[in-house]
Amino acid sequence: MADQKLPTRAEDFSEWYNQIVLRAELADYAPVRGCMIVRPYGWALWENIQQALDRRFKATGHVNAAFPLLIPRSFIEKEQSHVAGFSPELAVVTIGGGEKLEEPLVIRPTSETIIGYAYAKWIQSYRDLPVLINQWNSVVRWELRTKLFLRTLEFFWQEGHTAHATFDEAEAETRQMLEIYADFAINEAAVPVIAGRKSASERFAGADQTYSIEAMMGDGKALQAGTSHNLGQNFAKAFNIRYLDRDGVLQFCWTTSWGLSTRFVGAIIMVHGDDQGLILPPRLAPTQVVIVPIYKTDEEKTQVFDAARKMRDALIAAGVRVRTDEREGTSPGFKFNDWEMRGVPLRIEIGPKDLAKGSVVLARRDKPGKEGKSFQPQQGLPAAVSTILEDIQAALLTRARNFRDANTKEPKNYEEFKAAVETGFAWAFWCGSPDCEAKIKEETKATVRCIPLAQTESSGTCILCGQRSTEKGIFGRAY
RNA sequence: CGGGGCGUAGCGCAGCCUGGUAGCGCACCUGGUUCGGGACCAGGGGGUCGGAGGUUCAAAUCCUCUCGCCCCGACCA
């Protein structure tokens, strides 16, 4: 049993990640380079992410729809910076039904253009606004370097697209969706994120303003976990999305778009996972509780299974996502490790000794070994389990936040800055010039992840050039 | 696309240097003993050695080309 242990995160973070994805059966490699098969367990996690987000979208007035996968190439070319940004990574269909197509079709890398086309047809009057549509789909971007969940040629996401009468409304929408992403990340995924504005160089192709939520992974690197764009009137002008205002004047709409992808699964893995494997936040875990029955004889087995199933049913009735592991031929010890690899937040062990005492053993995934184990009476178990799951959820967030804060420095000078971004984030004033940004990246591999919306000081000097500056950025090496 | 590494059973690898017709561990199947932290014994199934071409009596092994994957860089959610 030599190969049962994962490499530790300290040894090889990248390999640790790859193996968790494969061994927890979240995803597998596809026959096409850079593509991913999302396995049922990974998809179940994604479905829970979808539900948590979709709920929030609906609550803020958005509706879902579906737009086509294939887009006329000319559409992509209508918005200048959009085509410049995306053309290198487009997959293009040139043959259909055995015939060369008159106009090649691109497989959507994102849907601003096709949606712009539709919105232009649908919107006539200010009375038609705002339009608040989201779609759950997959998109294709021909990336050079891929990694399961974090960057694949095809990835699953949601993309929201809205149209408004004024800049202010569009900006409010952009910021609202950013807040929704942050709320989701923190309260559902227990992933602490920093919400902020992107620098010009990191802006979405075709956006006036891009906002993002940024999280710190277990190796100190940053991951952009969701983005929200104020597209200004760029796409409205490219696709002629116009409305007649109250005064009878024809105006261009103001549009937004925002997306969060299966990359977020990668964030959950890298934020919470430990050297035993995955740790899933209870609110998103496909299985929140696993019951492992322990027995020797057939008679014990019957009794233990019976008790385990009753317990399972009581937990289901209490709204807990629970399953019993009734596999034959594997030892309890194996099952413990197996479910720890898969990140199940709470394990219930039940055996003959527990039946005799009317108790069970609970083992928390977030606290390895004895420390996380406790005896619990079978009476009132569902309530106790719910409480513990909430406690785990909170503990994961606290731990992740502490880790991030411990690895976030406020360097006084450029030397300290360089040291800080070796291991984590640096929170530093930046003059805003692309030159300084580029030079910092060249010298340290770190980039401005975002300029946080929550600023703590009103002015200082740029960490590189020393010019007066009014905003601090979060710098770090990014995935 | 540049640099590096690797393709041999589902997974991890040995064999290759020095050609002789494929092996180990894990996993899988069967039976038995086990079972409160990754069990053990016995038996068994599974391979176009990434692909194509070449050299040779004979190629996993030598030569040429090719495809793919992983890691590191440049670009990105």
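Chain letters run A, B, ... following the sequence lines, proteins first, then strands; residues in each count from 1.
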Exercise. Should Thr162(A) and Thr256(A) be marked as a side-chain hydrogen bond (donor to acceptor under 3.5 Å, both in side chains) after you check the CA-CA gap, both sets of side-chain angles, and the distance that decides it?
Worked result: CA-CA 5 Å; Thr162(A) 67; Thr256(A) 82; 2.5 Å; yes

Exercise. Taking NZ, NE, NH1 and NH2 as the nitrogens, is one of them in Lys301(A) or Glu328(A) under 4.0 Å from a carboxylate oxygen of the other?
Worked result: yes

Exercise. If we call it a pair only when both distances are under 3.5 Å in a Watson-Crick or G-U wobble match, what pairs with C28(B)?
Worked result: G44(B)

Exercise. Touch check for Lys147(A), heavy atoms < 4.0 angstrom, all strands: base, sugar-phosphate only, or nothing?
Worked result: sugar-phosphate

Problem set entry | For A14(B), the Watson-Crick or wobble partner whose two distances fall under 3.5 Å | none

Every protein N/O lying under 3.5 Å from an N/O of nucleotides 73-75 of chain B:
residue : atom : partner   : partner atom : Å
G73(B)  : OP2  : Arg145(A) : NH1          : 3.4

Exercise. Hey, does Arg327(A) reach any base, or is it just sugar-phosphate, or nothing, if we go heavy atoms under 4.0 Å?
Worked result: nothing

Exercise. For Glu340(A), which contact category applies under a 4.0 Å heavy-atom criterion: base, sugar-phosphate, or nothing?
Worked result: base

Exercise. Between Leu223(A) and Asn18(A), which has a closest nucleotide on RNA chain B that is more 5'?
Worked result: Asn18(A)

Problem set entry | Salt bridge flag under 4.0 Å for residues Asp274(A) and Arg9(A) | no

Problem set entry | For atom CE of Met341(A) and atom P of G37(B), their distance in whole Å | 19 Å

Exercise. Across all strands, who's sitting opposite C75(B) as a Watson-Crick or G-U wobble pair, both distances under 3.5 Å?
Worked result: none

Problem set entry | G32(B) and G25(B), which share atom name C1', separated by this distance in whole Å | 23 Å

Exercise. Would His62(A) and Gln158(A) satisfy side-chain hydrogen bond (donor to acceptor under 3.5 Å, both in side chains), going step by step from the backbone distance to the final call?
Worked result: CA-CA 12 Å; His62(A) 301 85; Gln158(A) 57 68 218; over 6 Å; no

Problem set entry | Nucleotide opposite G19(B) in a Watson-Crick or G-U pair, distances under 3.5 Å | none

For this session: Taking only heavy atoms on the protein side, list every residue of residues 352-379 of chain A lying under 4.0 Å from any atom of RNA chain B, sorted numerically.
Result: Pro352(A), Lys353(A), Asp354(A), Val361(A), Lys373(A)

Seminar exercise, completed: Sequence neighbours excluded, the answer for side chain to side chain donor-acceptor pair (under 3.5 Å) partners of Gln233(A) is none

Review item, side-chain donor-acceptor pairs of residues 190-203 of chain A, under 3.5 Å, at least two apart:
residue   : atom : partner   : partner atom : Å
Arg197(A) : NH1  : Glu471(A) : OE2          : 3.0
Arg197(A) : NH2  : Glu471(A) : OE1          : 2.9
Lys198(A) : NZ   : Glu202(A) : OE1          : 3.4
Lys198(A) : NZ   : Glu214(A) : OE2          : 2.8
Lys198(A) : NZ   : Gln224(A) : OE1          : 2.8
Lys198(A) : NZ   : Arg449(A) : O            : 2.9
Ser199(A) : OG   : Ser201(A) : OG           : 3.3
Ser199(A) : OG   : Glu437(A) : OE2          : 2.5
Ser201(A) : OG   : Glu437(A) : OE1          : 3.4
Ser201(A) : OG   : Glu437(A) : OE2          : 2.7
Glu202(A) : OE1  : Arg449(A) : NH1          : 3.4
Arg203(A) : NE   : Asp208(A) : O            : 3.3
Arg203(A) : NH1  : Asp208(A) : O            : 3.4

Exercise. Is C6(B) paired to anything, Watson-Crick or G-U wobble with both distances less than 3.5 Å, and if yes, which nucleotide?
Worked result: G68(B)

For this session: Take Tyr119(A) and Glu112(A) through the side-chain hydrogen bond (donor to acceptor under 3.5 Å, both in side chains) test and state the conclusion after the steps.
Result: CA-CA 10 Å; Tyr119(A) 283 9; Glu112(A) 275 74 9; over 6 Å; no

Exercise. Going through the distances and angles, do Phe235(A) and His82(A) end up as a ring pair (Phe, Tyr, Trp, His ring centres under 6.0 Å)?
Worked result: CA-CA 9 Å; Phe235(A) 286 89; His82(A) 196 61; 5.0 Å; yes

Exercise. With a 4.0 Å cut-off on heavy atoms, is Ser201(A) in touch with a base, just the backbone sugar-phosphate, or nothing at all?
Worked result: nothing

For this session: Determine the Euclidean distance between corresponding P atoms of C62(B) and C16(B); express it in Å to zero decimal places.
Result: 9 Å

Exercise. Counting only Watson-Crick or G-U wobble pairs whose two distances fall under 3.5 Å, which nucleotide matches G38(B)?
Worked result: none

Exercise. Can a donor-acceptor pair be found between the side chains of Ser257(A) and His229(A) at a distance below 3.5 Å?
Worked result: no

For this session: Could you please name the partner base of G53(B), counting Watson-Crick and G-U wobble pairs only when both distances are under 3.5 Å?
Result: C63(B)

Problem set entry | Worked check of side-chain hydrogen bond (donor to acceptor under 3.5 Å, both in side chains) between Lys58(A) and Asn134(A) | CA-CA 9 Å; Lys58(A) 302 274 171 64; Asn134(A) 175 65; over 6 Å; no

Polar atoms only, N or O, under 3.5 Å: list the protein pairs with nucleotides 32-35 of chain B and their distances.
residue : atom : partner   : partner atom : Å
C35(B)  : O2'  : Tyr295(A) : O            : 3.3
C35(B)  : N4   : Lys296(A) : O            : 3.1

Exercise. In whole Å, what separates the P atom of G46(B) from that of G7(B)?
Worked result: 25 Å

Result block: side-chain N/O donor-acceptor pairs under 3.5 angstrom for residues 371-380 of chain A, not counting sequence neighbours:
residue   : atom : partner   : partner atom : Å
Lys373(A) : NZ   : Glu349(A) : OE1          : 3.2
Lys373(A) : NZ   : Glu349(A) : OE2          : 2.8
Gln378(A) : NE2  : Ser359(A) : O            : 3.0

Exercise. Is the shortest side-chain N to carboxylate O distance from Arg399(A) to Asp366(A) below 4.0 Å?
Worked result: no

For this session: For C71(B) and G12(B), measure between their P atoms and round to the nearest Å.
Result: 14 Å

Exercise. Looking across every strand, which nucleic acid part, if any, lies under 4.0 Å from Leu150(A) by heavy atom: base, sugar-phosphate, or nothing?
Worked result: base

Exercise. Using a cut-off of 4.0 Å on non-hydrogen atoms, how would the nucleic acid contact of Gly351(A) be classed: base, sugar-phosphate, or nothing?
Worked result: base

